[in-house]
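Remarks on the structure that follows.
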Amino acid sequence: MTRRARLSHATELLATSERRRTLVADADAEARVAQDLGRLAAGLDGELDAALVALLLIGTHARAEASVVMQHEELGSDSSYELLAILRRRSAVSHERLEQLAISWSERLDARVHLHGCTRKEILGARPSLSWLEIAAGKHEILTGPAAALSALHPVHPKDLPSEAAARLTRDAAVGLALSNLDALGRDRHGPRHAHHAVLLCGDALLLHASHFSLDLRQRAAELARIATAHDQVQLSAAYDDAVCYQERPDLWRPAPDFARWYREIRQCVEQLHLHLEASRVGSATDPLGYALFAGKLWPSTRFLATLSLRATLRSARAGNPARGSHAGAPEERLTRCAALLGYAHERPEARNLAARLLGIASTRTPSDVELLVRLRKLAEQVRAADPDPLSGARYGRD
């Protein structure tokens, strides 16, 4: 099939497809999403040309979990388009070029577009993760390219995932809450999104931990409700149901009369589950400061020298020595500890000071929210960019 014929066929399929890509399945919103995907398929196929094997839709739209909101008097998607470009060679297209294309298409569609690149060889050798499990299970859509683009990807069962898969979800929940806590100007606007996404991530983590994970969001909510009492997570189950409603139509969700109290209770709920799952996984403490000071590895892949560097920083913090601005330890270790400190205990000076050490802020005073926010965002992006998982830090959207 020629490129022109392939594109024509793909565009026709997208336009006439009855496949659902949003939670509410509104016909107008679905038609607008299909139109956007048709433009993306045609445009990116042309711009990447011979370097492209296939272009896939992944993420919330591929799982039919995308949010919709009222836009210009009509419903449209409020979730980012997460695209995976399977390239013939890694050297064929640079990471910077993919970022430029994503920015350009975001502007053209007035929507958030994220474009990830990898080769078939990298897919086959990828670390098992929840994202690859769902992609292998059919939670993807081929926008352009051969139907067999992922034929060599072996199915993965939730029970086959390492315990780190759930831990990455809880870490991402803490990162979102930390960003919300530190962003005074955007807290009212982004706080509900961060809180609801944190609940969804933690609910999914518990379901993975308990071997009750489902590929359908509403089925996950029902399963969480079924096991909630046995795991002492009734509050999390109720919050998960509320988060599903938010995910459907964020513009129609209304917070509790006392928003500050609601947010505080959500944060405590997420903290309790996160740190107890981590205690079960690695034997760490169940309070944020104790967790951040944990002397062992939180991630098995952390290199030996990075572990030594991290331990030296933690010993210095325990001794009360002044910060030296050292970026101690592997980025993923530092991000995980900082997220717990700033997600659950950002008001405490000792938590802020330890987070500053881990973020490389040398100061004799307690750092400001802005200083911590800028460094935390940078570290989170660094970890995300190094992760071969195309949905790292973006399971329910990007914070």
- [ ] Please list all pairs passing the salt bridge (charged side-chain N to carboxylate O under 4.0 Å, His left out) test where one or both residues lie in residues 209-229, with sequence neighbours left out.
- [x]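 For residues 209-229: Glu65-Arg220, Asp204-Arg220, Arg218-Glu248, Glu223-Arg226.
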Task: All pairs passing salt bridge (charged side-chain N to carboxylate O under 4.0 Å, His left out) where residues 90-102 contributes a residue, at least two apart - done: Arg90-Glu122
Open item on the list: The criterion is side chain to side chain contact (heavy atoms under 4.5 Å, CB included); which residues satisfy it with Ala25, sequence neighbours excluded?
Closed with: Arg20, Glu30
TODO: Kindly write out the residues that satisfy side chain to side chain contact (heavy atoms under 4.5 Å, CB included) with Glu381, not counting sequence neighbours, or none if the list is empty.
DONE: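 Expected list: Arg384.
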Indicate yes or no for a side-chain donor-acceptor contact from [X] to the backbone of [Y] under 3.5 Å, with no hydrogens or angles considered.
X	Y	result
Arg337	Ala292	yes
His61	Ser80	yes
Thr119	Leu87	no
Asn181	Leu342	yes
Arg395	Leu201	no
Arg88	Ala50	yes
Ser180	Gly176	no
His140	Ile135	yes
Asp387	Val383	no
Ser67	Ser79	no

Grab the two heavy atoms, one from [X] and one from [Y], that are nearest each other, plus how far apart they are.
X	Y	result
Leu277	Thr170	CD1-CG2, 4.2 Å
Ala243	Val199	CB-CG1, 4.3 Å
Glu333	Gly296	OE1-O, 4.5 Å

To the nearest 0.5 angstrom, please state how far the [atom1] atom of [X] sits from the [atom2] atom of [Y].
X	Y	atom1	atom2	result
Arg352	Leu359	CZ	CG	11.0 Å
Ser77	Asp26	OG	CG	11.5 Å
Leu52	Thr144	CG	OG1	6.5 Å
Leu115	Leu40	CG	CG	9.0 Å
Leu37	Gln35	CG	CD	10.0 Å
Ile58	Glu82	CD1	CD	6.5 Å

Open item on the list: If you apply the rule side-chain contact (heavy atoms from CB on, under 4.5 Å), what do you find for His196 with Asp242, and how did you get there?
Closed with: CA-CA 8 Å; His196 285 302; Asp242 191 35; 3.4 Å; yes
Quick one, [X] and [Y] - any side-chain contact, counting heavy atoms below 4.5 Å?
X	Y	answer
Cys118	Leu84	yes
Tyr344	Val270	yes
Leu150	Leu56	yes
Met70	Leu75	yes
Tyr263	Pro255	no
Pro288	Leu275	yes
Leu23	Val68	no
Leu293	Leu354	yes

Contacts of type side-chain hydrogen bond (donor to acceptor under 3.5 Å, both in side chains), residue [X], not counting sequence neighbours:
X	answer
Gln100	none
Ser368	Glu371
Asp241	none
Thr60	none

Can you give each donor-acceptor pair under 3.5 Å made by side-chain atoms of residues 156-165, sequence neighbours left out, with the distance rounded to 0.1 Å?
{"residue": "His157", "atom": "ND1", "partner": "Lys159", "partner atom": "N", "Å": "3.0"}
{"residue": "Asp160", "atom": "OD2", "partner": "His157", "partner atom": "N", "Å": "3.2"}

Got a list of side-chain donor-acceptor pairs under 3.5 Å for residues 227-234, not counting sequence neighbours?
{"residue": "Gln233", "atom": "NE2", "partner": "Gln272", "partner atom": "OE1", "Å": "2.8"}

Task: Ionic contact status for Asp78 with Arg249, cut-off 4.0 Å - done: no
Open item on the list: Using a strict threshold of under 4.0 Å (side-chain N to carboxylate O), is an ion pair present between Glu347 and Arg267?
Closed with: yes
TODO: Kindly determine whether Trp105 and Leu83 satisfy side-chain contact (heavy atoms from CB on, under 4.5 Å), including the steps that lead there.
DONE: CA-CA 12 Å; Trp105 278 100; Leu83 305 174; over 6 Å; no
- [ ] Return the orientation label for the Trp253 and Trp262 ring planes: parallel under 30°, perpendicular over 60°, tilted otherwise.
- [x] tilted
TODO: Using the six-membered ring of Tyr396, assess whether NZ or CZ of Arg63 lies under 6.0 Å from its centre and within 45 degrees of the ring axis.
DONE: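 Satisfied, under 6.0 Å and within 45°.
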Open item on the list: Taking the cut-offs as 6.0 angstrom to the six-membered ring centre and 45 degrees off its axis, would you call Arg168 and Trp299 a cation-pi pair?
Closed with: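 Pair Arg168/Trp299 counts as cation-pi.
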- [ ] Test side-chain contact (heavy atoms from CB on, under 4.5 Å) on Leu207 and Ser214 and set out the steps.
- [x] CA-CA 8 Å; Leu207 289 168; Ser214 168; over 6 Å; no
Determine whether [X] and [Y] fall in the same hydrophobic cluster, where Ile, Leu, Val, Met, Phe, Trp and Tyr are linked whenever their side-chain heavy atoms lie under 4.5 Å apart.
X	Y	answer
Val244	Val24	no
Leu98	Ile103	no
Val113	Val69	no
Leu200	Leu215	yes

Task: No-hydrogen, no-angle side-chain donor-acceptor test under 3.5 Å, Glu278 and Tyr291 - done: yes
Open item on the list: Evaluate Leu44 against Leu143 for side-chain contact (heavy atoms from CB on, under 4.5 Å), listing each step before the verdict.
Closed with: CA-CA 10 Å; Leu44 289 171; Leu143 302 183; over 6 Å; no
Open item on the list: Does anything in residues 116-135 form a ring pair (Phe, Tyr, Trp, His ring centres under 6.0 Å)? List the pairs, not counting sequence neighbours.
Closed with: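 Found none.
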Task: All pairs passing ring pair (Phe, Tyr, Trp, His ring centres under 6.0 Å) where residues 367-392 contributes a residue, at least two apart - done: none
